[in-house]
Amino acid sequence: MTAAQEPLLPPSRASGLEAGGSSSRLFEELPWQIPHRRQSGAGLRLCASLVLVVTAAAALQGTVMPSLCARGWRWGCACAPPDAAWPRFLVVGDWGRRGAHNQTHTAKAMARRAAAMGAHFVVSTGDNIYPSGLLSPADPAFKESFTHVYHQRSLQDYGESNKPDNPACGAWDEGCFFSPLHQLDARLAQRDPRWRCACSYSLQFASGQVELFFIDTTPLMAETYEKAPWRDNRGGLTEQSWEAQLVELEAQLSWSAARWKLAVGHHPIRTNHRAWGHVFKEMQERVEPLLIRYGVAAYFNGHDHNLQHLHAPEAGYHQITSGAGSRVSPKFFGTKDSPFQHGGSGFVAVTMQPQALRVEYWGIQHTDQPLFAIDVPPR
């Protein structure tokens, strides 16, 4: 079904952010401090690829809080849940617009839900800073689109602790006309302790029964972005190997003993939002076979600026599109494999238990009921 689109609401005046407003972008040539870190299982490894990584953010060792980039980053949480706890988290994507286009209203709705459910962290499915990423690690857009918008207490303090515990943000994808490496700079965490960026990696929760795999999908879309003007930026697509990333992803999936395997990326595999078709060809050919082969239960993504739930029975996994963190694109072309589509602003709330993954789609209106909810079984 297609939920009715709610009216576009102006950003909160209390936030100090005006719709469509702009502020000076201070460009400062600063040397990079890039954390070459990637977590897989229990350890950190050197990260060879640094561009447009992990279209989603989660935190190392079960911690997550947001991250930003011209078109593809994620964010996670500030405090890790107890080792044996089953995680509760929010998923949002395509959000960083200085509070405009309902970003502040989405943030407020996220804060209400985070407080009600006791969320442990937030995952961002990418495209964190519009329109073109960060000019430098000192760019004021970082605070204008992240710190000043997601300021609510329930989006600051997770669980029993008020201190960040190795938070790590995911990746950045296409559209970073300035070097995407700015978002990996360690000094961003000094500006906001919730911020960490890393390359493609995995996180374990619930004593290893849950594992999240974060994928940098932009390099996997090599043919689509073959002529993109930003592909040759420092840390850009020409410095990455999608083949090597797939080999590594398959190795991580095959090694995992988790009962629940979840994946996070920026680009969809399936969609009802594109007039040209229902699948992203490179994603279907390169990523989907691994999700099917290794029993991934759910794939979280953004890129489409709306909310969708897609499930093709022959594929097995559920695709959860959460890209409605600010400006939305409400048009759909059919309802193929989709019990739910929503063209308004919103996000996803996830509650995990041993036998089920509870997925709830929330809009920005004050309500105690989600727009749609479904229980996803393990595979």
Side-chain angles (χ1 to χ4, degrees), residues 39-43 56-64 74 76-92 110 113-123 125 154 158-161 165-168 170 201-215 249 252-265 290-301 309-313 315-322 339-340 347-362 368-379:
Q39 173 156 336
S40 176
L60 298 177
Q61 299 171 352
T63 316
V64 195
R74 337 298 149 219
C77 106
C79 298
D83 289 342
W86 288 84
R88 301 181 298 273
F89 57 94
L90 305 182
V91 183
V92 68
M110 289 171 60
R113 179 60 7 206
M117 67 185 290
H120 293 125
F121 58 91
V122 177
V123 168
T125 56
S154 61
Y158 297 85
E160 293 75 21
S161 173
D165 181 13
N166 296 321
Y201 58 94
S202 68
L203 298 174
Q204 293 186 357
F205 301 92
S207 300
Q209 297 185 74
V210 177
E211 189 161 5
L212 277 69
F213 299 86
F214 293 86
I215 311 167
L249 174 62
Q252 291 178 337
L253 288 169
S254 67
W255 294 336
S256 176
R259 172 176 171 79
W260 285 93
K261 297 176 185 177
L262 311 175
V264 183
L290 299 183
L291 304 186
I292 296 173
R293 184 178 309 150
Y294 294 104
V296 173
Y299 173 67
F300 297 88
N301 67 275
H309 190 98
L310 298 109
H311 176 59
Y317 70 92
H318 289 248
Q319 181 183 300
I320 299 159
T321 297
S322 182
F340 171 77
F347 60 96
V348 167
V350 177
T351 302
M352 297 203 67
Q353 296 294 336
Q355 300 302 324
L357 171 75
R358 179 71 172 178
V359 179
E360 297 179 345
Y361 292 81
W362 291 84
D368 293 331
Q369 297 298 321
L371 299 168
F372 178 76
I374 190 170
D375 289 325
V376 175
R379 293 185 59 211

**Request:** With rounding to the nearest 0.5 Å, note down the distance linking CZ in Phe372 to OH in Tyr361.
**Result:** 7.0 Å

**Message:** With a 4.5 Å cut-off on side-chain heavy atoms, are Val92 and Met110 touching?
**Reply:** yes

**Request:** Classify the side-chain pair Gln252/Ser254 by whether it contains a donor and acceptor separated by less than 3.5 Å.
**Result:** no

**Request:** Find out whether Leu310 and Thr321 are in side-chain contact, i.e. whether some heavy atom of one side chain is under 4.5 Å from a heavy atom of the other.
**Result:** yes

**Asked** Does the side chain of Leu203 reach to within under 4.5 Å of the side chain of Glu211, using non-hydrogen atoms?
**Response** no

**Request:** Please confirm whether the backbone N or O of Tyr294 pairs with a side-chain atom of Lys261, one donor and one acceptor, at under 3.5 Å?
**Result:** yes

**Check: Phe89 main-chain N/O paired with His120 side-chain donor or acceptor under 3.5 Å** = no

**Asked** Considering only heavy atoms from C-beta outward, does the side chain of Gln209 approach that of Trp260 to under 4.5 Å?
**Response** no

**Complete:** Interatomic distance, CG@Leu291 vs CD1@Ile215, rounded to 0.5 Å, equals 6.0 Å

**Prompt:** Taking side chain as C-beta onward, heavy atoms only, is Phe213 less than 4.5 Å from Leu262?
**Reply:** no

**Residues Val350, Val91; criterion side-chain contact (heavy atoms from CB on, under 4.5 Å); working and verdict** = CA-CA 8 Å; Val350 177; Val91 183; 4.3 Å; yes

**Item:** Distance-minimising heavy-atom pair for Pro377 and Asp375
**Value:** CD-O, 3.7 Å

**Message:** Quick one: does any side-chain atom of Arg358 pair with a main-chain N or O of Thr351 as donor and acceptor, under 3.5 Å?
**Reply:** no

**Prompt:** Closest heavy-atom contact between Glu360 and Ala373?
**Reply:** CG-CB, 4.0 Å

**Request:** Look only at the side chain of His311 and the backbone of Tyr317, and say whether a donor-acceptor pair between them is shorter than 3.5 Å.
**Result:** yes

**Item:** Nearest-0.5 Å distance that lies between atom CZ in Arg113 and atom OG in Ser154
**Value:** 10.5 Å

**Message:** With a 3.5 Å distance limit and no angle check, can you tell me whether Trp362 reaches the backbone of Gln369 through a side-chain donor-acceptor pair?
**Reply:** no

**Message:** I'd like to check Val348 versus Leu90 (side-chain heavy atoms, cut-off strictly below 4.5 Å). Are they in contact?
**Reply:** no

**Message:** Any side-chain to backbone donor/acceptor pair from Ser202 onto Leu212? Under 3.5 Å, distance only.
**Reply:** no

**Prompt:** Shortest non-hydrogen contact from Tyr299 to Gly265?
**Reply:** OH-CA, 3.4 Å

**Request:** Answer yes or no: is there a side-chain heavy-atom contact under 4.5 Å between Phe340 and Ile374?
**Result:** no

**Side-chain donor-acceptor contact under 3.5 Å, Arg259 with Gln355** = yes

**Message:** Please check: side-chain N/O of Thr125 versus main-chain N/O of Ser322, any donor-acceptor pairing under 3.5 Å?
**Reply:** yes

**Pairwise side-chain contact, Gln319 with Phe300, heavy-atom cut-off 4.5 Å (strictly under)** = no

